[in-house]
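Have a look at the structure below before the remarks.
Predicted, not measured: the structure shown is a model, and the values here were computed from it. Lettering follows sequence order; numbering is per chain, from 1.
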Amino acid sequence: MIQEIQIYNTLTRKKEVFEPLAAGKVGLYVCGPTVYGPPHLGHARSAITFDLLFRYLKQIGYQVRYVRNITDVGHLVADADEGEDKIAKQAKLDELEPMEVVQKYTNMYHQAMALLNLDSPSIEPRASGHIIEQIEEVKKILASGYAYESNGSVYFDVEKFASENEYGKLSGRKIEDLISNTRTLDGQSEKRSGLDFAIWKKAQPEHLMHWPSPWSEGFPGWHIECTAMSCKYLGETFDIHGGGMDLTFPHHEAEMAQSLAAHGKPAVRYWMHNNMITLNGQKMGKSLGNAISLEEFFSGNHPLLEKAYSPMTIRFFMLQAHYRSTLDFSNEALQASEKGLERLMKAVSKINSLPVSESSTIPVSEIAANCFAAMSDDLNSPIAIAGLFEGVKLINSVADGKSTISADDRDALNRLFHAFVFDIFGFKAENQLESGTSEVLSEVVDLLMKLRAEAKANKDWATSDKIRNELAAIGFDIKDGKEGVSWELKK
RNA sequence: GGUUCCUUAGCCGAGUGGUUAGGCGGCGGUCUGCAAAACCGUAUACGGCGGUUCGAAUCCGCCAGGAACCUCCA
C-alpha cells in the first residue's frame, strides 16, 4: 500500500493529494541546468529538492521515471530578440568549441551532483540531442495555428493563444497586464507582439550552433526543449514537473501554452517549484554576480567563505529548510549544519551497539509516524529532521543507560534511521576513516595513541599532552572518551 | 510601475486559531590529571498599530521594512 502524499501545486496554489496518472507509477520531469557556467548553490537546491522527491516517492513504493534535462542550446542573451546564442557567446570568449564548453560544464555539474550524493535521474536528455523532436513540436504548433513564421524564425502567438485558452494562470499573470507591460518595448521586431516568444530562431552568421529546419538554418527556442523531451519520455500528459521558482515565468508558462497548442491537452498535472538561495537577503544567481560555485564551497576557496563545507553539510543545510522557503546562506548557518549533521550521523552509527532490554521506553513507532507524516506533507524535511533528532536524544539516552530499548524496537529504530538518513535524505559518511582511505596512517596514529596512553598511565602529563597537542597542530582531533581514546583527521 | 510573497528568540529555520518544533551558539551540569570532545539539562520569540474571537505568532485591515517575477536564471 502506497502512502498518501500531499504536494503543493503551483498551478492551483494549494496542497493537493497526489494521485498518479497510472497507479503506482510517477512520471517526473525537472528542468536541469543550462551548462554555460560552473554549478552553484542554486543548482544544488533544485537538484536536492527533486532528488528528495525522487527518493521519497521510491521509498513509499512508487516506481518513478525521473527525467532531468541538460540545456545545451538555444538560450538568447539579454538583448532578447537579437541576442546571440548564450553558449556560443561563452565559447568565443573561451576560444572553445561550443560543444566543448557544454561538455566541460556538464562534467562539472555531474561531478558536483555525485559529490552531493544525488541519485542519477532515470534519463538525462540533452536539448542538442533532440533537435528533430523539437522541430516536430514546432510543426505541430504551426499546424494548430498558434504560431507564425517570420523571417526564418517561428514565434508562438501568445495573444491568439490567450484569446482562446488560459495563459498566465501558472505564474499568476493577467494577459492584459502583460500586454500593457511589453507593448512599449516593441520596436522593429519581427515579432507581432512583445509577448510572443521564439520556438525556432534563425541563426545569424556568427552563431556557431545551428541546425537545418524547414524555416531556416537555426536553433530551437528555449522553452520548446522541455515540451519535446518531456513528451518523448513521459508522454503528452505526465504527473509532476519541477524546477526553480524563477522559471515559472516565462519558461513554464510558455511550456504550458506550447504543450497545449501542440497536443491539445495539458501536459503537466502537478507543478512544483523550489525557492531560491539568498545571500544577504538577495537571490544568489549567476547574472547577479553573487553566486558561489559548489566547487568553491567544497574547497573553501572564496572570499565569503570562512572555511570549506563538505557536500553533505550543504545537503543537510538545504534539507533543514522547506523547499518552498527562501534559504539564506551564511557561514554561521553552514557551520551549525555541519555540527548538527555530525551529531545525527554519530547517533545512527550507535544504534546497532545499543544495549537491549526486556521492555522499551522508546516510542519508535511514534517517531516513525511523525517523520513519514512530515515528508508526506509536501516534503516537510525540516520537520522530519526534527523528528529524527528526537530519536537522537533517545538513542543517546539508551546509550547512557537512562532509557531502555527492546531488541525489536532497536531493529525498528535502525530501519527507520537508515531509511531516512541514507535512503530518503541521502546522507553518507564523509569521515576519512569511515571511508578507509589510509590504513597505514591509521596504524601510525594508533601507535602514537598507545604511547600516549602509556605516558598517561605513568602520569607523565608532559609527554601525553605533547603528543596530543602536536597531533592537533597537524590536524588531528584527539578525543578522550569513557570507552577509550578515539581520533579523527579533520579535512 | 504591475503581480506575488515574506518579516518567528544571538544565528539558521518549522509551525499557522488553544498543546515543547528542531539545529547551532549561550548558560548550568556529567565525564576528565587538565582540556577538548561527547552526553544531559536550561533560558531567550513571533516587525508595528488596530480589528475579529472565550482565546491570535496563526484570521482580517492599515503601516513599516525586505524579496521574487515582469529580461537569461535553479
Minimum-distance nucleotide (side-chain atoms of A/D480 versus B/A74, B/A14, B/C34): B/C34
Quick note, A/L178 side chain, CB onward, closest among B/G23, B/A14, B/C70 is B/C70
Counting any heavy atom closer than 4.0 Å, what does A/Q282 reach on the DNA or RNA strands: base, sugar-phosphate only, or nothing? sugar-phosphate
Is there a side-chain contact between A/R173 and the phosphate of B/C70, meaning an N or O under 4.0 Å from OP1 or OP2? no
Phosphate oxygens OP1/OP2 of B/A74: is one of them under 4.0 Å from a side-chain N or O of A/R324? no
Aromatic centroids of A/F329 and A/F297 separated by under 6.0 Å: yes
Strictly below 4.0 Å: does A/K339 bring a side-chain N or O up to OP1 or OP2 of B/A37? no
Say you pick atom C1' in B/G65 and the same atom in B/C27; how far apart are they, in whole Å? 33 Å
Interatomic distance where NZ belongs to A/K15 and P belongs to B/A14 [whole Å]: 12 Å
Whole-Å distance separating the CD1 atom of A/I367 from the P atom of B/G22: 13 Å
Interatomic distance at P, B/C6 relative to B/C62, whole Å: 15 Å
When you measure from the centre of the six-membered ring of A/Y155, is the NZ or CZ of A/R192 closer than 6.0 Å and no more than 45° off the axis? no
Does the separation of the ring centres of A/F427 and A/F422 fall below 6.0 angstrom? no
Using a cut-off of 4.0 Å on non-hydrogen atoms, how would the nucleic acid contact of A/G340 be classed: base, sugar-phosphate, or nothing? sugar-phosphate
Base of B/C34, side chain of A/R468 - is there a donor-acceptor contact under 3.5 Å? yes
Strand RNA chain B in bracket notation, Watson-Crick/G-U under 3.5 Å with | for pairs to another chain: (((((((..(((.....[...))).(((((.......)))))....(((((..]....))))))))))))....
B/C11 and B/U52, which share atom name C1', separated by this distance in whole Å: 35 Å
Closer to the 5' end of RNA chain B via nearest nucleotide, is it A/S464 or A/S171? A/S171
With A/L53, which of A/T49, A/L57, A/D51 fulfils side-chain contact (heavy atoms from CB on, under 4.5 Å)? A/L57
Within the structure, does a side-chain N or O atom of A/R13 lie under 4.0 Å from either OP1 or OP2 of B/U4? no
How many Å lie between NE2 on A/H322 and C1' on B/G23, as a whole number? 18 Å
Can you check the A/E306 CD to B/G25 C1' distance for me, whole Å? 14 Å
Between B/G51 and B/G55, how far apart are the two P atoms, rounded to whole Å? 12 Å
Given B/C40, B/A74, B/G13, the nucleotide with the shortest approach to the side chain of A/R45: B/A74
Within the 4.0 Å heavy-atom criterion, would you say A/K174 contacts the bases, only the backbone, or no part of the nucleic acid? nothing
Measure from the side-chain heavy atoms of A/R452 and tell me the nearest of B/A68, B/G33, B/C40. B/G33
Could you check whether the side chain of A/D477 and the base of B/A36 have a donor-acceptor pair of N or O atoms closer than 3.5 Å, going by distance alone? no
Between B/G47 and B/G25, how far is it from one P atom to the other, in whole Å? 26 Å
Side-chain atoms of A/A386 come closest, of B/G22, B/C40, B/A35, to B/G22
Check this for me, if you would: do A/D465 and A/R452 make a salt bridge, where the nitrogen-to-carboxylate-oxygen distance has to be below 4.0 angstrom? no
What's the CE-P distance between A/M276 and B/C69, to the nearest Å? 7 Å
Quick one: CG on A/L115 to CE on A/M113, what's the gap to the nearest 0.5 Å? 9.0 Å
Would you be so kind as to tabulate the donor-acceptor pairs closer than 3.5 Å made by side chains of residues 388-397 of chain A, with sequence neighbours excluded?
unit_1	atom_1	unit_2	atom_2	d
A/N396	OD1	A/K350	NZ	2.5
A/N396	ND2	A/V392	O	3.3
A/S397	OG	A/S403	OG	2.4

Choosing from B/A74, B/A14, B/C69, which nucleotide comes nearest the side chain of A/I277? B/A74
Verify the contact: side-chain N or O of A/N396 to OP1 or OP2 of B/C40, cut-off strictly under 4.0 Å; return yes or no. yes
Of the nucleotides B/G23, B/C11, B/A36, which one has an atom closest to the side chain of A/Q320? B/G23
Between B/G22, B/A74, B/C12, spot the one nearest the side chain of A/D328, thanks. B/C12
Polar side chain donor-acceptor pair, A/S337 to A/Q320, under 3.5 angstrom: yes
Taking the minimum atom-to-atom distance to the side chain of A/D465, which one of B/G33, B/C12, B/C24 wins? B/G33
So, for A/H241 and A/Y29, is the gap between ring centers shorter than 6.0 Å? yes
Nearest-angstrom distance, P atom, B/C24 to B/U16: 24 Å
Please compare A/H40 and A/S397 by the position of their nearest nucleotide in RNA chain B and report the one closer to 5'. A/S397
B/A74, OP1 or OP2 - any side-chain N/O from A/N275 closer than 4.0 Å? no
In whole Å, what separates the P atom of B/C40 from that of B/G22? 13 Å
Within the structure shown, what part of the strands sits under 4.0 Å from A/K286 by heavy-atom distance: base, sugar-phosphate, or nothing? nothing
Nearest whole Å is fine: how far is B/A14 P from A/Y323 OH? 12 Å
Exactly one candidate in A/R324, A/Q6, A/K15 meets side chain to side chain donor-acceptor pair (under 3.5 Å) with A/D378; the answer is A/R324
Could you state the CG-P distance from A/L319 to B/G22, rounded to the nearest angstrom? 19 Å
Picking from B/C39, B/A74, B/G2, the nucleotide nearest the side-chain atoms of A/N274 would be B/A74
Suppose we call two aromatic rings close when their centres sit under 6.0 Å apart. Are A/F156 and A/F161 close by that rule? yes
In whole angstrom, what separates A/K393's NZ from B/A38's P? 16 Å
Quantified in whole Å, what is the P atom distance between nucleotide B/U8 and nucleotide B/C12? 8 Å
Heavy atoms only, 4.0 Å cut-off, all strands: where does A/L327 land among base, sugar-phosphate and nothing? sugar-phosphate
Stacking between A/F389 and the base of B/G23 (centre distance under 5.5 Å, interplanar angle under 30°)? no
Hey, does the side chain of A/S325 come within less than 4.0 Å of B/A14's phosphate (OP1/OP2), counting only N and O? yes
Need one value for A/E338: base, sugar-phosphate or nothing, where a base atom within 4.0 Å counts as base even if backbone is also close, heavy atoms only. nothing
Pairing residues for A/Y66 by the side chain to side chain donor-acceptor pair (under 3.5 Å) criterion, not counting sequence neighbours: none
With a 4.0 Å cut-off on heavy atoms, is A/L247 in touch with a base, just the backbone sugar-phosphate, or nothing at all? sugar-phosphate
